[in-house]
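So the structure is just underneath, and the comments pick up after that.
Nothing here was measured: the structure is a model prediction, and the numbers come from that model. The figures here come from the full heavy-atom set of this structure, side chains too, leaving out hydrogens, waters and symmetry mates.
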Amino acid sequence: MDFVIQHQTASYLRLHLRRGRFSAAEAEVLEYALSNLKGISCIKLYPSSGGIAFSYKGDKESIVRRLRELQFQNVKMFAKNLEDSIGSEELARRKLSPAVKRKLRCKVIAETAADLLLPAPIQLGYHVYQLVTLKDL
């Protein structure tokens, strides 16, 4: 990762990425990557200006070396995958249509009736078959 150290103390570094600003998805990936580096804590990212600030313990030179070895292309790749996926907020907003709800209700009722009425060995065989074939997933 290409950066300039803007401010440093014995336990704090503030960096500026030479590439400039980064997206919110890139910030999420960067925060995850930095939080897993040994000795780094209290990470604060500034996506609009391309800034990163964090506290650290230990040898500053080894932390700076590990940061320089971090490939921003990987961050961009993971961020693109993250942007392409559906977030939990969007899933919460989505609603099922009445037809889909009706179909799900019928399927659950049929499964429950089969579990109540069929003998245990047949139930077990049916559920193993569903697990093996991953039917309707």
Side-chain angles (χ1 to χ4, degrees):
M1 194 164 57
D2 193 21
F3 59 87
V4 176
I5 298 175
Q6 287 187 325
H7 180 72
Q8 62 182 336
T9 65
S11 64
Y12 175 82
L13 274 174
R14 190 174 72 227
L15 313 172
H16 177 72
L17 298 181
R18 290 188 189 214
R19 68 180 305 274
R21 64 177 57 193
F22 46 89
S23 69
E26 290 170 341
E28 188 175 339
V29 173
L30 259 178
E31 184 171 11
Y32 177 77
L34 293 177
S35 65
N36 286 316
L37 288 177
K38 185 178 179 184
I40 294 180
S41 62
C42 300
I43 301 162
K44 182 96 168 138
L45 300 173
Y46 304 95
S48 59
S49 65
I52 302 171
F54 57 87
S55 298
Y56 69 92
K57 290 182 181 177
D59 183 30
K60 181 189 84 154
E61 295 305 319
S62 67
I63 291 175
V64 169
R65 183 174 27 83
R66 284 185 280 164
L67 288 173
R68 291 207 189 279
E69 291 170 355
L70 182 69
Q71 299 294 320
F72 203 82
Q73 292 86 357
N74 294 341
V75 171
K76 287 170 64 173
M77 178 189 64
F78 284 117
K80 185 177 183 322
N81 291 343
L82 192 63
E83 288 173 344
D84 292 343
S85 65
I86 297 174
S88 58
E89 297 88 21
E90 184 176 350
L91 284 175
R93 280 186 280 134
R94 289 185 177 187
K95 303 285 183 194
L96 293 176
S97 68
V100 172
K101 285 182 182 179
R102 190 176 328 107
K103 186 177 177 181
L104 284 173
R105 278 191 209 102
C106 290
K107 192 170 187 171
V108 168
I109 289 171
E111 288 276 336
T112 304
D115 284 343
L116 289 173
L117 300 175
L118 292 175
I122 296 174
Q123 289 177 23
L124 180 64
Y126 175 69
H127 290 298
V128 167
Y129 168 75
Q130 283 182 319
L131 284 173
V132 169
T133 60
L134 297 174
K135 188 177 178 185
D136 296 330
L137 287 182

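Cation-pi geometry between Arg18 and Phe3 is not met: the NZ or CZ atom fails to fall both under 6.0 Å from the ring centre and inside 45° of the normal.
The shortest non-hydrogen separation linking Ala27 to Pro47 is CB-CG, 4.0 Å. A pairwise comparison of heavy atoms in His127 and Asp115 identifies NE2-OD1, 2.8 Å as the closest pair.
In this structure, Tyr56 OH and Thr9 OG1 are separated by 6.0 Å, a value rounded to the nearest 0.5 Å. Once rounded to the nearest 0.5 Å, the distance linking CG of Leu118 with CG of Leu124 reads 12.0 Å. Note that the CG atom of Asn74 and the CG atom of Leu30 stand 11.0 Å from one another [nearest 0.5 Å]. Distance CZ/Phe22 to CZ/Phe72: 6.5 Å, rounded to 0.5 Å. Considering CD1 of Ile40 and CZ of Arg66, their distance stands at 6.5 Å, rounded to 0.5 Å. Here Gln6 contributes atom CD and Ser49 contributes atom OG; the two are 7.5 Å apart, rounded to the nearest 0.5 Å.
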Next item on the list: Could you walk me through whether Glu111 and Gln123 pass the side-chain hydrogen bond (donor to acceptor under 3.5 Å, both in side chains) test, one step at a time?
Entry: CA-CA 10 Å; Glu111 288 276 336; Gln123 289 177 23; over 6 Å; no

Margin query: Using the rule given for side chain to side chain contact (heavy atoms under 4.5 Å, CB included), can you reason through Ser55 versus Ser41, listing the C-alpha separation, both sets of side-chain angles and the distance that settles it, and then say yes or no?
Written below: CA-CA 5 Å; Ser55 298; Ser41 62; 3.9 Å; yes

Next item on the list: With side chain to side chain contact (heavy atoms under 4.5 Å, CB included) as the test, would you mind laying out the steps for Leu15 and Val64 before giving the verdict?
Entry: CA-CA 10 Å; Leu15 313 172; Val64 169; 5.9 Å; no

Next item on the list: Check the pair Gln130, Tyr126 against side-chain hydrogen bond (donor to acceptor under 3.5 Å, both in side chains), reporting the backbone distance first and the verdict last.
Entry: CA-CA 6 Å; Gln130 283 182 319; Tyr126 175 69; 2.9 Å; yes

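Side chain of His7 to backbone of Tyr12: no donor-acceptor contact under 3.5 angstrom is found. The closest donor-acceptor contact from the side chain of Gln8 to the backbone of Leu13 lies at 3.5 Å or more, if one exists at all. A donor-acceptor pair is defined here as one N or O able to donate and one able to accept, closer than 3.5 Å; such a pair exists between the side chain of Asn36 and the backbone of Tyr32.
Side-chain contact between Asp2 and Arg19: absent, with no pair of heavy atoms (C-beta onward) separated by less than 4.5 Å. Side chains of Leu34 and Leu67 form a contact here, defined as non-hydrogen atoms less than 4.5 Å apart. Residues Met1 and Ile52 have side chains in contact (heavy-atom distance under 4.5 Å, counting atoms from C-beta outward). At a threshold of 4.5 Å between non-hydrogen side-chain atoms, the residues Glu28 and Leu45 do not count as touching. Two residues are said to be in side-chain contact when any heavy atoms from C-beta on lie closer than 4.5 Å; Arg65 and Glu69 meet this criterion.
Under the 4.0 Å criterion applied to side-chain N and carboxylate O atoms, Arg21 and Glu26 are not assigned as salt-bridge partners.
Hydrophobic clustering, with ILVMFWY side chains joined whenever heavy atoms are under 4.5 angstrom apart, keeps Ile5 apart from Tyr46.
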